[in-house]
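Notes follow the structure.
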Amino acid sequence: LVKRGDITIWFAEDYVQKNWSVSPCGKRGAPQVYSNEAIQMLLMLKALYKLPYRALEGFSRSIMKLMNLELHIPDHTTMSRRACLVKVSIPRKTGTEPIHLVVDSTGLKIYGEGEWKVRQHGAGKRRTWIRVHLGVDGDKKDVREVDESIAKIYADGAYDTRECYEVQPKKKQT
């Protein structure tokens with residue numbers, strides 16, 4: 001239970017040096033222009049800790065102070081304006097070797113207008129769950145859609161069926 005309160009944030013120094021760029025706008029008194037990567041990183045912290053923009057600004061400044069980093073943090077209005085303009089890019093590792101795929105499934109509960117109905121009128125006959133099948137590259141630990149060739153598949157007993165054994169792998173088109 002104590003570890004739930006632990007906050008560990010890691011910045012790759014070479015990535016931060018390369019991508020956390022701040023440049024002046026060119027006009028006197030105008031705000032500085034921050035890189036898309038800097039804004040994206042701050043927006044991830046906002047989503048992760050469910051912070052409003054003003055709290056995000058203070059939280060980010062305190063992190064930089066604790067880590068002894070001299071990185072400028074944009075003010076809350078800059079982050080708010082840039083949030084809708086930043087194109088989020090999640091890098092994907094690709095390899096040439098066949099992957100070791102770990103497969104599992106889980107159920108996700110759906111939240112939305114149905115929750116209000118349940119509170120007001122009681123539970124209905126239909127459940128609001130979705131079954132999700134996840135594939136993880138066992139070596140790189142990436143959750144992914146499988147485009148590469150597969151060396152081996154690891155799965156639990158739920159996948160131990162004739163249908164799973166009969167599936168033929170797709171051949172890559174050259």
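Computed over heavy atoms, backbone and side chain alike; hydrogens, waters and symmetry mates excluded.
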Hey, what do you get for [atom1] ([X]) to [atom2] ([Y]), rounding to the nearest 0.5 Å?
| X | Y | atom1 | atom2 | value |
| --- | --- | --- | --- | --- |
| H72 | R61 | NE2 | CZ | 10.0 Å |
| S35 | R82 | OG | CZ | 7.5 Å |
| M79 | R54 | CE | CZ | 10.5 Å |
| S62 | I73 | OG | CD1 | 9.0 Å |
| M41 | K46 | CE | NZ | 14.5 Å |
| I39 | L42 | CD1 | CG | 6.0 Å |

Please tell me if the side chains of Y53 and L43 come closer than 4.5 Å, counting only heavy atoms from C-beta onward. yes

Note, L45 side chain near L56 side chain (heavy atom, < 4.5 Å):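 Of all side-chain heavy-atom pairs linking L56 with L45, at least one is under 4.5 Å.
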
Using 30° and 60° as the class boundaries, would you call the ring planes of H133 and Y159 parallel, tilted or perpendicular?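 Plane angle over 60°, so perpendicular.
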
Trace of the side chain to side chain contact (heavy atoms under 4.5 Å, CB included) decision for T78 with D75: CA-CA 6 Å; T78 301; D75 61 279; 2.9 Å; yes

Which heavy atom of A55 sits nearest a heavy atom of L51, and at what distance? CB-CD2, 4.2 Å

With respect to H100, which candidate in D139, I153, V136 satisfies the side chain to side chain contact (heavy atoms under 4.5 Å, CB included) definition?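 Option passing the side chain to side chain contact (heavy atoms under 4.5 Å, CB included) with H100: D139.
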
Verify the cluster assignment for L48 and V86: are they in a single hydrophobic cluster under the rule of side-chain heavy atoms below 4.5 Å apart? yes

